Amino acid sequence: DTEVTQTPKHLVMGMTNKKSLKCEQHMGHRAMYWYKQKAKKPPELMFVYSYEKLSINESVPSRFSPECPNSSLLNLHLHALQPEDSALYLCASSQEEHKETQYFGPGTRLLVL
Amino acid sequence: AQSVAQPEDQVNVAEGNPLTVKCTYSVSGNPYLFWYVQYPNRGLQFLLKYITGDNLVKGSYGFEAEFNKSQTSFHLKKPSALVSDSALYFCAVRDRDNNNDMRFGAGTRLTVKP
């Protein structure tokens, strides 16, 4: 089983809203990732968690706040977003950071009004 | 630093014909190389990877890729294209000697026409 699940599939929010994106995997992977993807562009790495600790933050604005409650779950908390933050947000996992294949979820399509 | 180049934004082929999607890479150490496919409004699906060993790698859905160290290339190929292969294809590289994160190419839109 190489499945990564993400909820919700679609999200529309105003610039004053607070919302959260959720990601889950049950493959026993110890590294989890958040990517942002704009239309017709490659994914851009945002955050990496390794063994439930934040390993990499690619200079992401503080209006994005990641959280890793346990080894299977990864959240991305959103607050005071801007319209330019509208994108497809992808979660991925791999057995360990920097090793082997990353498996991606289907993504959450976010629209900020 | 590591980088990936996909020189073609768009590749068009007729159904039944062979297809090639090009990828070249640059790493300071030895590469891990990956191909992913993305269908509209979907996440990335893993197709195949090169870690070590045979230069010809076979993957999902009849795709294969050949690692060429001298040309620093990892082109994706399929002998006979299907209309359902139409999608966005991303090549990615990781420098396994320097523990860097994966870097994606800009993507190539493959269109297979009936």
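Just so it is clear, the model here is predicted, and its values are computed rather than measured.
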Give the table of side-chain donor-acceptor pairs shorter than 3.5 Å for residues 104-114 of chain B, with sequence neighbours excluded, one pair per line with atom names and distance.
unit_1   : atom_1 : unit_2  : atom_2 : d
B/Thr108 : OG1    : B/Gln6  : NE2    : 3.1
B/Thr108 : OG1    : B/Glu8  : O      : 2.8
B/Thr111 : OG1    : B/Gln10 : NE2    : 2.9

Same cluster or not: are [X] and [Y] linked, directly or through other Ile, Leu, Val, Met, Phe, Trp or Tyr residues, by side-chain heavy atoms under 4.5 angstrom apart?
| X | Y | answer |
| --- | --- | --- |
| B/Leu88 | B/Phe34 | yes |
| A/Trp34 | A/Leu90 | no |
| A/Val4 | A/Tyr35 | yes |

What distance separates A/Thr101 OG1 from B/Met102 CE, expressed to the nearest 0.5 Å?
->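 Here the rounded value is 8.5 Å.
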Which residue pairs satisfy the ring-ring contact (aromatic ring centres under 6.0 Å, His included) criterion with at least one member in residues 51-93 of chain A, sequence neighbours excluded?
->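 The answer is A/Phe64-A/Tyr89.
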For chain B, find its close neighbours in residues 105-113 of chain A: heavy-atom separation under 4.5 Å, sorted by number, or none.
->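 Residues of residues 105-113 of chain A touching chain B at under 4.5 Å: A/Gly105, A/Pro106, A/Arg109.
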Within a reach of under 6.0 Å around [atom1] of [X], are more than 12 heavy atoms found that belong to other residues, nucleotides or ligands?
| X | atom1 | value |
| --- | --- | --- |
| B/Lys49 | NZ | yes |
| A/Gln95 | CD | no |
| A/Arg30 | CZ | yes |

Engaged part of B/Tyr39 at the chain A interface, taking heavy atoms whose separation is under 4.5 Å =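 For B/Tyr39, there is no contact with chain A at all, as no heavy atom is under 4.5 Å.
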[X] to [Y] - nearest heavy-atom pair and separation:
| X | Y | value |
| --- | --- | --- |
| B/Gln38 | A/Leu88 | NE2-CD2, 3.7 Å |
| B/Tyr36 | A/Gln102 | OH-O, 2.6 Å |
| B/Phe90 | A/Pro42 | CE2-CA, 3.4 Å |

Side-chain donor-acceptor distances from residues 51-67 of chain B under 3.5 Å, at least two apart:
unit_1  : atom_1 : unit_2  : atom_2 : d
B/Lys58 : NZ     : B/Glu64 : OE1    : 2.9
B/Tyr61 : OH     : B/Gln45 : OE1    : 3.4

Select, from A/Lys40, A/Lys41, A/Lys9, A/Gln37, the one with the greatest count of heavy-atom pairs under 4.5 Å involving chain B.
->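 Counting heavy-atom pairs under 4.5 Å, the top option is A/Gln37.
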